Amino acid sequence: MTHPQLDVRPFEAIPSELARQLRADIDRAADEILQELLTAAASDDEVEETRAAIVTGLVHFSDLIEDPRGGWATLVPVFLDLGRRLAREGRSLEEVHRSLRRSARATWRTLSVAVEQLDLDTKTIGFVAEAQFTYMDAVAATITVGYDAEGEGSPDALHRRRIALLTALLTDQPMTAEALAEQAGKARWPVPGMVSAVVLATRDPAKARAVRLLPDGTLVDWEKAQPCLLVPDPEGPGRQRLLEPLLRDWIVTIGPAVPVARAAESYHWARELMSLAERGVVGDDDLIRCAEHVPTLVMFGAKGLLDTMAVTRLAPLSSASPAQRERLSETLLSLLENNFNAVEVGRQLHVHAQTVRYRIRQLEAMFGSDLQDPRLCLEIEMILRTRLSARRKVVRELEAV
């Protein structure tokens with residue numbers, strides 16, 4: 001078992017006389033700090049536990065000032081045993097860390113008084129502060145090691161390891177094969193061939209629920225502002241349909257299937273697609289897959305360029321009135337999407353096919369031969385889709401009423 005190390009350098013820079021003064025003042029300081037930290041309603045057990053933590057912290061800190069290296073070697077087994085005992089008692093690490101932070105505040109108040117009485121120079125005061133923070137970090141890390149060792153296979157330990165693994169896989173810093181194998185082994189997560197990242201956005205914060213029945217082997221973090229999942233073997237039969245129960249409370253975007261080492265790429269595109277879904281560019285009634293929205297993702301990724309191109313490509317519409325320009329823009333986009341089929345366009349826009357043909361003649365007069373150029377038509381379609389997406393959302397919402 002690898003034990004956390006303490007950076008002893010700030011302790012070595014502190015005058016040893018501070019340790020002697022701290023030891024002489026521990027009981028009085030503990031009593032004074034108790035009065036500040038605890039309310040009159042505190043139970044006897046809470047008073048006793050808090051006082052013991054204050055005293056222990058000051059004693060340990062004094063030991064480390066006197067003998068930084070030997071003192072820490074003596075303390076490591078103490079904190080490892082504490083972590084194991086807390087795990088056996090079913091105490092949560094968050095509860096333990098809250099207690100450590102309370103003890104740290106108490107210790108620092110006592111140190112501050114001692115520092116003032118010794119009239120230490122500014123540099124040494126900085127060493128005292130650095131030593132205090134270094135000490136608490138090392139204590140917390142050592143307790144966690146003991147806690148994890150005791151609860152190696154406990155649901156709480158596995159849950160934390162899986163969240164840590166998920167976080168590591170979704171960051172932009174790629175994991176080495178060795179690091180992946182080590183973390184996946186600790187999290188008891190069989191490394192799959194392919195994965196898809198999934199991003200969730202709540203439909204109603206007051207009603208959103210975590211869904212426990214997910215595809216086997218899914219890594220999930222419900223604590224993020226936008227919860228995320230990593231689904232193994234996403235292209236397997238029926239795998240993605242297992243995500244459908246999420247749709248009741250969540251908008252669900254699914255990134256492309258990629259090798260595990262590229263999970264961050266899948267996560268990036270799932271977030272990009274979520275941004276479009278929240279803006280109404282794509283519908284959110286069903287699972288939203290990146291693989292089905294590649295043109296939209298590409299277009300909105302280059303929206304600045306498309307806005308620049310629009311000045312030239314849509315110039316023929318500038319001669320129309322605002323209302324007419326809006327109707328013709330919507331018609332032109334629908335024509336481009338439906339291969340100039342007037343019947344399909346009429347059905348999509350809820351107008352008669354003859355009306356569509358009349359508008360086609362208007363557009364042909366405005367754009368001329370540009371509507372015969374496939375490359376220009378593609379550019380115009382991309383521009384119009386990025387511009388009219390918000391309006392289409394409003395239309396969908398009105399139709400649903």
Side-chain angles (χ1 to χ4, degrees), residues 1-38 46-89 91 93 95-150:
M1 182 188 302
T2 302
H3 302 149
Q5 297 299 310
L6 173 71
D7 184 356
V8 299
R9 290 172 296 179
F11 285 95
E12 292 174 337
I14 299 173
S16 59
E17 58 188 295
L18 178 58
R20 290 193 294 273
Q21 182 165 346
L22 284 175
R23 291 186 186 284
D25 211 29
I26 285 177
D27 287 332
R28 183 195 59 79
D31 291 335
E32 288 185 1
I33 296 168
L34 270 178
Q35 294 177 6
E36 295 182 36
L37 289 179
L38 298 179
E46 188 175 3
V47 170
E48 183 179 347
E49 182 179 351
T50 304
R51 192 182 193 285
I54 295 169
V55 170
T56 300
L58 291 171
V59 169
H60 289 167
F61 199 84
S62 301
D63 292 342
L64 290 169
I65 293 175
E66 292 179 335
D67 180 12
R69 298 182 186 279
W72 180 245
T74 301
L75 291 175
V76 165
V78 174
F79 293 124
L80 288 174
D81 287 343
L82 175 59
R84 294 188 184 97
R85 178 169 59 82
L86 293 170
R88 289 194 298 270
E89 293 174 356
R91 302 272 291 276
L93 275 179
E95 178 186 355
V96 175
H97 290 161
R98 281 198 301 269
S99 177
L100 285 173
R101 289 191 291 269
R102 187 166 60 245
S103 176
R105 289 196 300 271
T107 304
W108 177 245
R109 291 182 190 180
T110 306
L111 288 171
S112 299
V113 173
V115 164
E116 291 177 3
Q117 293 176 350
L118 284 176
D119 194 25
L120 300 178
D121 60 81
T122 303
K123 187 175 182 180
T124 303
I125 293 174
F127 285 129
V128 173
E130 185 180 353
Q132 165 70 353
F133 290 123
T134 300
Y135 169 67
M136 294 310 300
D137 286 344
V139 169
T142 306
I143 290 176
T144 299
V145 170
Y147 189 99
D148 286 346
E150 182 67 27

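As the structure is a prediction and not an experimental result, all values here were calculated from the model.
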Asks: Which atom names give the shortest non-hydrogen contact between Thr142 and Val76, and what distance separates them?
Replies: CG2-O, 3.8 Å
Asks: State, with a plain yes or no, whether a side-chain heavy atom of Val55 is found less than 4.5 Å away from one of Val59.
Replies: yes
Asks: At their closest point, which heavy atom of Ala138 faces which heavy atom of Gln5, and how far apart are they?
Replies: CB-O, 4.2 Å
Asks: Shortest non-hydrogen contact from Ala13 to Phe127?
Replies: CB-CD1, 3.4 Å
Asks: Are the charged groups of Glu12 and Arg69 less than 4.0 angstrom apart, N to O?
Replies: yes
Asks: Any idea which heavy atoms bring Ala19 and Ser62 closest together, and the distance?
Replies: CB-O, 3.6 Å
Asks: Which heavy atom of Gly71 sits nearest to which heavy atom of Leu64, and what is that distance?
Replies: C-CD2, 3.7 Å
Asks: Check whether any side-chain heavy atom of Leu6 lies under 4.5 Å from a side-chain heavy atom of Leu75, and answer yes or no.
Replies: no
Asks: Are Asp81 and Arg85 packed together at the side-chain level, in the sense that at least one heavy-atom pair is separated by less than 4.5 angstrom?
Replies: no
Asks: So which heavy atom on Ala131 is nearest to which on Ile14, and how close?
Replies: CB-CD1, 3.9 Å
Asks: Distance check, rounded to the nearest 0.5 Å: Trp72 atom CH2 versus Thr74 atom OG1?
Replies: 11.0 Å
